[in-house]
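This chain uses plain numbering: 1 for the first residue, then up along the sequence.
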Amino acid sequence: MTSIDLSGRKALVTGGAQGLGEGMATALAAAGATVMIADVQDSGEQTAAALGEGHGFVRLDVSDDANWESAVAETVERLGGFDILVNNAGIEITSLLTEVQADDIRKMLEVNILGTTLGIKHGLRAMRPGGAAGNGGAIINVASVAATIAFPGIAVYSATKSAVDRLTRVAAMESGKLGYGVRVNCIYPGLVPTAMGAGLANDVAALGLFPSPEAAVGAVIELTPSGRLGQVDDMADAVVFLASDAAKFITGAGLPVDGGMGM
């Protein structure tokens, strides 16, 4: 999205080592922002290096409060500010409800809900007046079309992404009421053929919900008025828009980027 200028902005992207997060980080950098990749995967260091000079990597377990505190502090110190947070890190573990495992539920709750909540916490603290950065900014949370449709095999994941939507709206209200100057929005990505998206197609077929992964993908496309899967740049462009001044009067919103699948 070359028409939007984010020059001078400083961004932290969780789960930025690969997939959607990598695409979002790349798009933010292309728009002029300086980006810190945050991930549990050390390959994020190579992802940051590929963005060019000035960008960085910090190891972050999003479910750990102290990790968040240090990652945000390092972002402010190394980048010289903090204006944009993309809470992208997430996991999906496919299961029928009759077979779901408690440990898998906890993993999704910890990354998708706890991780996003802690990100909002530390993002607001740093960006609000008197914070380490203190000039306001934008937080973009990554929910999912799964929060708006009933797709088999992903009940718990869907529930966690619905929670991300609610967190977004309450955070936006609190930020506005308290004068933080931080806009908080979320996007609902449709299915994208990343490693996670391909894994989902394989998993639902293995559960017997579809005769093959290809049939699962076909079912998604059939439900999508645009007639195709999403692409990484579709999601990345939406994040760049919400991070920019073009969205300066948008907060507490959920933006579907799903080709109409969730309407």
Step by step, would you call Asp258 with Thr224 a side chain to side chain contact (heavy atoms under 4.5 Å, CB included)? CA-CA 7 Å; Asp258 60 7; Thr224 306; over 6 Å; no

Could you go step by step and tell me if Ile120 and Leu167 meet the side chain to side chain contact (heavy atoms under 4.5 Å, CB included) rule? CA-CA 9 Å; Ile120 294 170; Leu167 283 166; 4.1 Å; yes

Evaluation steps, side chain to side chain contact (heavy atoms under 4.5 Å, CB included), between Ile113 and Thr117: CA-CA 6 Å; Ile113 300 181; Thr117 305; 4.2 Å; yes

What verdict does the side chain to side chain contact (heavy atoms under 4.5 Å, CB included) test give for Leu229 and Val217, after you've listed the backbone C-alpha separation in whole Å, the side-chain angles of each residue and the deciding distance to 0.1 Å? CA-CA 8 Å; Leu229 297 181; Val217 171; 3.8 Å; yes

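With Asp83 contributing its side chain and Gly137 its backbone, the two residues share no donor-acceptor pair below 3.5 Å. A donor-acceptor pair under 3.5 Å is absent between the side-chain atoms of Thr251 and the main chain of Arg183, judged by distance alone. A donor-acceptor distance shorter than 3.5 angstrom exists from the side chain of Lys161 to the backbone of Val142, with no hydrogens or angles considered. Between the Ser244 side chain and the Ala246 main chain, a donor and an acceptor come within less than 3.5 Å of each other.
Looking at every heavy atom in both residues, Val58 comes nearest to Glu74 through CG2-OE1, 3.4 Å. Nearest heavy atom pair, residue Leu6 against residue Ala243, reads CD2-O, 4.0 Å. Considering every non-hydrogen atom in both Val204 and Ala216, the closest pair reads CG2-CB, 3.7 Å. In terms of heavy-atom proximity, Tyr180 sits nearest to Arg128 at OH-NH1, 3.2 Å. Of all heavy-atom pairs spanning Gly259 and Pro225, the tightest one is O-CD, 3.2 Å. Nearest heavy atoms, Ala17 versus Asp39: N-OD2, 3.0 Å.
To the nearest 0.5 Å, atoms CG (Leu12) and CG (Asn88) are separated by 11.0 Å. Here the CG atom belonging to Leu209 is positioned 10.5 Å from the CD1 atom belonging to Ile154, to the nearest 0.5 angstrom. Here OG1 of Thr75 is found 8.0 Å from CZ of Arg78. Values are rounded to the nearest 0.5 Å. To the nearest 0.5 Å, atom OG of residue Ser175 and atom CD1 of residue Ile139 are 7.0 Å apart. To the nearest 0.5 Å, the span separating CG on Leu60 from CD1 on Ile37 amounts to 12.0 Å. Going from atom OG of Ser63 over to atom CG of Asn112 covers 11.0 Å, rounded to the nearest 0.5 Å.
Sorted by first and then second residue, the pairs that involve residues 138-157 and meet side chain to side chain donor-acceptor pair (under 3.5 Å), not counting sequence neighbours, are Asn87-Asn141, Asn141-Thr168. Pairs engaging residues 37-64 under the ring-ring contact (aromatic ring centres under 6.0 Å, His included) rule: none recorded [sequence neighbours left out]. Applying the ring-ring contact (aromatic ring centres under 6.0 Å, His included) definition to pairs two or more places apart or across chains, none involves residues 13-54. The side chain to side chain donor-acceptor pair (under 3.5 Å) pairs that include a residue from residues 9-34 are Arg9-Asp245, where partners are two or more places apart or lie in different chains. Note on residues 185-236: pairs passing ring-ring contact (aromatic ring centres under 6.0 Å, His included), not counting sequence neighbours, are Phe151-Phe210. Evaluation of the side chain to side chain donor-acceptor pair (under 3.5 Å) test over residues 189-202, restricted to residues two or more places apart or in two chains, returns none. Screening residues 108-122 for salt bridge (charged side-chain N to carboxylate O under 4.0 Å, His left out) gives Asp65-Lys121 as the qualifying pairs, with residues at least two apart or on separate chains.
Salt bridge present: Arg59 and Asp42 bring a charged side-chain N and a carboxylate O closer than 4.0 Å. For Asp165 and Arg169, the salt-bridge test passes: some basic side-chain N is under 4.0 Å from an acidic carboxylate O.
Not counting sequence neighbours, Arg125 has no partner by the salt bridge (charged side-chain N to carboxylate O under 4.0 Å, His left out) test. For the salt bridge (charged side-chain N to carboxylate O under 4.0 Å, His left out) test, no residue two or more places apart in sequence or in another chain qualifies with Asp64. With sequence neighbours excluded, the residues forming a salt bridge (charged side-chain N to carboxylate O under 4.0 Å, His left out) with Arg228 are Asp234, listed by chain and number. By the salt bridge (charged side-chain N to carboxylate O under 4.0 Å, His left out) test, Asp61 is found to be paired with no residue, residues two or more places apart in sequence or in another chain being considered.
Val182 and Ile84 are members of different hydrophobic clusters when ILVMFWY side chains are connected at heavy-atom separations under 4.5 Å. Hydrophobic clustering (side-chain heavy atoms under 4.5 Å, transitive across Ile, Leu, Val, Met, Phe, Trp, Tyr) groups Val62 together with Leu85. Following chains of ILVMFWY side-chain contacts shorter than 4.5 Å, one cannot reach Val184 starting from Val13, and the two form parts of different hydrophobic clusters. Grouping the Ile, Leu, Val, Met, Phe, Trp and Tyr side chains by contacts below 4.5 angstrom, directly or via other members, places Leu191 with Ile149. Val257 is not connected to Met261 by any chain of hydrophobic side-chain contacts under 4.5 Å among Ile, Leu, Val, Met, Phe, Trp and Tyr, and they are in different clusters.
Put simply, the side chain of Val156 does not reach to within 4.5 Å of the side chain of Arg106, judged on heavy atoms. Here the side chains of Val86 and Leu28 are in contact, with some heavy-atom distance below 4.5 Å.
Within a 6.0 Å radius of CD in Gln46, other residues, nucleotides and ligands contribute more than 12 heavy atoms. Heavy-atom neighbours of Glu69 CD from other residues, nucleotides or ligands within 6.0 Å: at or below the threshold of 12.
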Going by atom type alone, with no hydrogens or angles, which donor-acceptor pairs under 3.5 Å involve a side-chain atom of residues 91-101 and a protein atom two or more places apart or on another chain?
residue, atom, partner, partner atom, Å
Glu92, OE1, Thr94, OG1, 3.1
Glu92, OE2, Thr94, N, 2.9
Glu92, OE2, Thr94, OG1, 2.7
Thr94, OG1, Asp203, OD2, 3.3
Ser95, OG, Val100, N, 3.2
Gln101, NE2, Glu99, O, 3.0

